[in-house]
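The structure appears right after this line, and notes come after that.
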Amino acid sequence: MQKKPKKESTGKAGDGAKPGIDIPKAYDSSKEMEIYKLWERSGAFNPDNIKSKKKPFVMTLPPPNANGKQHVGHMCGYSFQDCMGRYHRMKGEPTLLLAGKDHAGIQTEAVFTKYLAEQGIDKWELGRDEFYKRCYKFCIENADYAREQEKRIGLSADWSREKFTLDPALNKVIYETFYKLFDEGLVYRGQYIINQCTNCRTALANVDTEHEQKKGIFAYIKYPVVGEKDTYITVATTRPETMLGDTAVAVNPKDSRYKKFVGKMVELPLTDRQIPVIADRKVDKDLGTGALKITPAHSAIDFEIGIEHELKIVNVIDEEGLMNENAPEKYQGMKTSEASKAVLEDLDKAGLLEKVEDITHEILVCERCRSVIEQIISKQWFVNVESLAKNAIKAIDSGETTNVPKYFNRVLKNWLKDIRPWCISRQLWWGHRIPIWYCGGKELYDWLIDNPGKTAEDYEKATGNKAKGCGQVIASDEKPKGGCPKCKNAELESEEDCMDTWFSSGQWPFSTLGGPDGEDYKKFYPTDVMETMHDILFFWVARMMMLGIYRTGKAPFHTVYLHGMILAPDGRKMSKSKGNVVEPKEIFEKYGADALRLWYFSDALPGKNTPIRHEKLQGNRNFVNKIWNASRYIMFQISDFSDEEIQELDKSIGERLAGLSKSKDKWEKETFNVAEKITKYLDKYQFNLAVELNREFFWHKLCDEWIEETKNLVANKPENKIESFARLITVLAVMLKLIHPFAPFITEQVWQNLRNRGLLSGESELLMISDWPE
RNA sequence: GGACCGGUAGCUCAACUGGUUAGAGCACACGGCUUACAUCCGUGAGGUUGGGAGUUCGAGUCUCCCCUGGUCCACCA
């Protein structure tokens with residue numbers, strides 16, 4: 001089917017244009033930034049400039065990674081944040097939207113290291129200090145680009161208060177929190193099985209890892225029973241190379257097949273070690289062969305069993321994922337995958353490999369780089385967050401903090417309930433250094449952890465090494481003056497590791513306000529709404545609640561609004577590797593910021609994943625254009641009014657707006673009803689309904705009916721033209737206010753046009769700070 | 001293995017604590033440049049709300065079962 005060719009408008013008959021006035025037929029969204037500058041210059045983004053006795057409305061905005069460009073998904077969050085901010089600002093509440101940037105430790109370090117490598121610069125040659133300096137500069141430069149995008153979507157943040165997670169003022173607060181945790185014994189160094197990303201070369205917390213389906217093998221290996229000829233216990237494993245670190249074979253105590261072996265020893269193939277057969281009820285009889293090889297150093301369940309049975313721990317994989325010196329010499333230096341093949345070959349040669357099955361199973365991968373996680377035993381800094389988590393749960397139970405949508409309350413609580421110690425040390429350079437000094441060095445301290453109750457003298461005796469200090473640690477971000485407070489030793493070794501990024505961003509709602517002693521803190525804490533996406537509920541929201549309550553005694557916000565995820569047009573997650581990323585710039589140019597925002601409010605609803613659709617953006621652009629043209633009609637009609645007539649019109653509009661809530665005029669009454677509904681929707685975070693009602697009412701009532709009626713009225717009774725337009729412009733002005741939080745640019749533009757014509761003189765200069773109709 | 005969320009018009013989704021005839025945008029059909037707007041206007045078609053049972057005066061909404069997508073958590077070797 002062919003579409004009819006569109007006819008060009010003549011620009012004459014249909015324009016209704018009056019001589020001497022020239023208003024384009026289509027709204028030009030490329031001028032949106034001029035409007036933004038108008039707002040910025042007014043100073044109204046800064047709550048200090050708003051004189052009001054009302055309680056402030058505060059949102060600390062999620063800081064995007066400082067190192068990169070932002071995609072369409074980020075714009076979504078800003079839109080919701082800005083909408084809430086504008087609404088409350090118009091209600092006369094001193095409104096603070098506090099923006100900033102996150103140093104995003106592990107991710108930025110990876111990105112910047114790669115960036116350096118592309119220029120032929122090696123991170124290790126550069127050295128830590130120089131790396132830090134250059135990375136800092138890199139972030140600050142990139143942040144400028146991100147900020148422009150934030151402004152482009154209309155974000156009315158107080159840029160004078162903008163923060164970076166590595167700002168000195170924030171560092172101070174972040175370290176104070178660490179010291180408090182340390183003094184209360186909640187921060188400690190311990191040896192546990194941890195997730196090691198061999199690509200990023202750092203330890204990760206559980207939440208930094210993800211599960212992925214991968215093809216693998218299931219190998220059945222025969223362990224000869226010591227002293228019994230031709231008798232074997234067969235174990236099944238997906239990781240044959242870890243057998244080199246086995247320190248036991250475990251069976252279920254009720255398993256009749258293996259009962260007779262419990263207490264005996266088996267030979268560990270390919271090594272000269274013998275390991276015991278133990279009984280543990282955690283072993284599942286029906287899984288594999290029912291006999292489980294125990295590698296405490298490389299499996300979480302084995303680690304637990306190992307501790308209970310006081311097994312030796314043999315770590316055979318190093319931080320880079322290579323077989324280390326604890327493995328037989330032949331395998332040392334091999335990657336785990338190579339070692340796996342070699343071990344299988346050698347077992348086969350020895351006649352100890354029963355069979356190998358191909359299977360698909362879940363493995364852990366790094367949340368950032370998606371490479372396979374090695375579980376290794378290691379000493380790291382941990383935070384015991386159990387008590388903090390309990391308080392966070394209390395805040396949810398008491399309703400001090402609520403999630404939108406509600407069901408995330410339960411999701412969050414379940415996570416908090418099962419929480420484990422939080423590994424906060426990362427083997428990185430980019431971030432806050434863990435503020436710890438070791439008297440006598442890290443090696444001594446780590447030895448003391450392995451040998452509880454022992455002293456530095458015991459260390460000397462046991463290892464033959466000289467202890468260079470008393471073995472104490474001191475928490476301080478600067479080298480303690482006067483050395484170790486206990487033994488006065490001046491030679492202190494500093495911790496090299498950095499803190500997990502989320503340890504600092506988890507303090508964002510109060511670190512940005514100067515901490516519990518800050519001036520801003522007194523004015524603005526606790527904040528009101530945290531607007532973000534559900535994918536960082538555990539990473540971030542949970543940590544903010546725990547650390548916020550811990551430091552301040554108050555939950556950092558009363559509402560967590562979790563908007564939906566924006567997907568690519570093909571319905572999949574946007575990612576560079578898939579090549580389906582939509583650049584905000586493209587959308588801004590095609591449809592304008594207002595259209596994009598309106599689409600978010602209708603479609604990116606809590607709990608939903610929404611693919612970006614051009615038809616929908618087009619529809620919203622059309623709505624924006626409709627607003628433009630409604631005002632265009634009015635501007636034309638009043639263009640030939642005399643000065644006296646304009647004054648009369650303005651006066652009448654002013655009176656009508658002032659008496660809106662009590663007006664008996666049908667149009668004004670209906671419009672006020674809409675205002676009440678929109679207010680209700682905004683208070684309940686039902687943005688989609690608000691936008692729908694705005695669109696419905698503006699388009700199908702104001703435009704389709706009332707403008708048409710006005711045309712007739714004016715034609716039939718020209719003597720009533722001022723009254724007719726006063727009604728019309730009054731309802732238009734109210735609608736501009738009601739639409740402004742959603743589509744700020746077009747509404748402000750129309751407002752300015754009316755003001756420039758001498759109307760709305762009793763109202764604020766800027767729509768942005770005009771009074772919300774209520 | 002545990003938990004959670006969906007399944008409503010061709011598509012993407014609405015419908016607040018159960019309450020008129022289940023809505024919108026886009027797409028579709030037909031007709032229109034009517035003096036703001038063709039990024040528009042008018043008219044129209046399109047739904048047994050995944051299936052089944054139950055509670056109720058009344059169910060898309062509450063309960064149970066089934067089918068079917070999706071997400072998160074978890075130490076299945």
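By convention in this document, chain letters (A, B, ...) are assigned in the order of the sequence lines, proteins followed by strands, and residues within each chain are numbered from 1.
The side chain of A/Tyr407 approaches B/C4 more closely than any other nucleotide in the set B/A77, B/A36, B/C4. The side chain of A/Glu708 approaches B/C37 more closely than any other nucleotide in the set B/C26, B/C37, B/A77. Side-chain proximity of A/Glu692 to B/A36, B/U12, B/A24: nearest is B/A24. Relative to the side chain of A/Trp699, the nucleotides B/A74, B/C13, B/C41 differ in distance, and B/C41 lies closest. Of the candidates B/C4, B/U12, B/A77, the closest approach to any side-chain atom of A/Arg613 belongs to B/U12. Across B/A15, B/U39, B/C73, the shortest atom-to-atom separation from the side chain of A/Asn688 is found for B/A15. Comparing B/C16, B/A77, B/C13 by their nearest atom to the side chain of A/Lys293 picks out B/A77. Proximity note for A/Leu689 (side chain, C-beta onward) versus B/C75, B/C5, B/A15: the nearest is B/A15. Taking the side chain of A/Asn622 as heavy atoms from C-beta on, and the options B/C5, B/C37, B/C40, the nearest nucleotide is B/C40. Considering only side-chain atoms of A/Asn629, the nucleotide from B/C5, B/A36, B/C26 that sits closest is B/A36.
Backbone-only engagement by A/Thr238 is indicated by non-hydrogen atom pairs under 4.0 Å involving sugar-phosphate atoms exclusively. Within 4.0 Å of A/Asp418, counting heavy atoms only, lies no atom of the nucleic acid at all. If you check every strand for non-hydrogen atoms under 4.0 Å, A/Ile294 touches nothing. A/Val624 comes within contact range of no nucleotide atom at all, as no heavy-atom separation falls under 4.0 Å. Among the protein residues, A/His534 comes within range of no part of the nucleic acid, since none of its heavy atoms lies under 4.0 Å from any strand. Note on A/Asp704: only backbone sugar-phosphate atoms sit closer than 4.0 angstrom, heavy atoms only; bases stay farther off. Within 4.0 Å (heavy atoms only), A/Arg410 reaches sugar-phosphate atoms of the nucleic acid but no base atom. In this structure, A/Ile634 reaches neither bases nor backbone, as no heavy-atom distance under 4.0 Å exists between it and the strands shown. Among the heavy atoms of the strands, none lies under 4.0 Å from A/Phe303.
Pairing for B/G1 goes to B/C73, judged as Watson-Crick or G-U wobble with the two contacts each under 3.5 Å. If you check B/A59 for Watson-Crick or wobble pairing at under 3.5 angstrom, you find it has no partner at all. Base pairing of B/C13: its partner is B/G23, meeting the Watson-Crick or G-U wobble criterion (both donor-acceptor distances under 3.5 Å). The partner of B/A29 is B/U43, by the rule that a Watson-Crick or G-U pair needs both atom distances under 3.5 Å.
Taken from CG in A/Asn609 to NE2 in A/His534, the straight-line distance is 5.0 Å, to the nearest 0.5 Å. To the nearest 0.5 Å, the span separating OG1 on A/Thr209 from CG on A/Asn195 amounts to 5.0 Å.
Here the P atom of nucleotide B/A74 and the CD atom of A/Glu210 are 11 Å apart, to the nearest Å. Atom-to-atom, CG of A/Asp28 to C1' of B/C37 comes out at 16 Å; the value is rounded to the nearest Å. Computed from coordinates, the A/Asn620 CG to B/C40 C1' distance equals 17 Å when rounded to whole Å. Summarising the geometry, the separation between OH on A/Tyr591 and P on B/C26 is reported as 13 Å, rounded to the nearest angstrom. What separates CZ of A/Phe742 from P of B/A24 is a distance of 19 Å, to the nearest Å. In this structure, A/Leu693 atom CG and B/G23 atom P are separated by 16 Å, rounded to whole Å. Taking atom CD of residue A/Gln618 and atom P of nucleotide B/C40, one finds them 9 Å apart after rounding to whole Å. Note: CZ (A/Phe623) to C1' (B/U39) measures 13 Å, nearest angstrom.
For the residue pair A/Asn252/A/Tyr258, the side-chain donor-acceptor check at 3.5 Å is not satisfied. For the residue pair A/Lys717/A/Ser724, the side-chain donor-acceptor check at 3.5 Å is not satisfied.
The same atom, C1', is picked in B/G2 and in B/U17; the two are 30 Å apart, to the nearest Å. The C1' atoms of B/C37 and B/C30 are separated by 22 Å, rounded to the nearest whole Å. Taking atom P on both nucleotides, B/C57 is separated from B/A14 by 32 Å, rounded to a whole Å. Comparing B/A45 with B/A9, their C1' atoms are spaced 11 Å from each other, to the whole Å. Comparing the P positions of B/G18 and B/A59 gives a spacing of 13 Å, expressed to the nearest Å. Remark: the separation of the P atoms in B/C67 and B/A29 is 40 Å, to the nearest Å. Taking the P atom of each, B/G54 and B/C16 are spaced 25 Å apart, rounded to whole Å. Spacing between B/A3 and B/U8 at atom C1', rounded to whole Å, works out to 26 Å.
Contact annotation: side chain of A/Glu362 to base of B/A74, donor-acceptor pair present below 3.5 Å. At a cut-off of 3.5 angstrom, the base of B/C37 holds no donor-acceptor pair with the side chain of A/Lys25.
A/Arg632 places no side-chain N or O within 3.5 Å of a backbone atom of A/Ala26 that could act as its donor or acceptor partner.
Taking the six-membered ring where the residue is Trp, A/Phe697 and A/Trp706 present perpendicular rings, their angle passing 60° and hence far from 30°. In this structure, A/Trp502 and A/Trp540 have tilted ring planes: the angle between them lies in the 30° to 60° band. Ring pair A/Phe725/A/Phe641 is perpendicular by interplanar angle, where above 60° counts as perpendicular and below 30° as parallel.
One finds a side-chain N or O of A/Lys711 lying less than 4.0 angstrom from the OP1 or OP2 phosphate oxygen of B/A36. For the OP1/OP2 pair of B/C41 and a distance below 4.0 Å, the side-chain nitrogens and oxygens of A/Lys626 include at least one atom meeting the criterion. Contact annotation: A/Lys608 side-chain N/O to B/A14 OP1/OP2 distance is under 4.0 Å. In this model, the phosphate group of B/U39 is not approached by any side-chain N or O of A/Arg621 to a distance below 4.0 Å at OP1 or OP2. Regarding contacts with the backbone of B/C73, every side-chain N or O of A/His211 stays at 4.0 angstrom or more from both OP1 and OP2.
Salt-bridge formation is detected for the pair A/Asp246/A/Lys293: a Lys NZ or Arg NE/NH1/NH2 atom is positioned less than 4.0 Å from an Asp or Glu carboxylate oxygen.
For A/Phe687 and A/Tyr561, the distance between ring centers is under 6.0 angstrom.
Residues A/Ile359 and A/Pro611 both approach RNA chain B. Their nearest nucleotides, taken by heavy-atom distance, put A/Pro611 toward the 5′ side. Both A/Tyr27 and A/Thr289 lie close to RNA chain B; mapped to their nearest nucleotides by heavy-atom distance, the more 5′-ward contact belongs to A/Tyr27.
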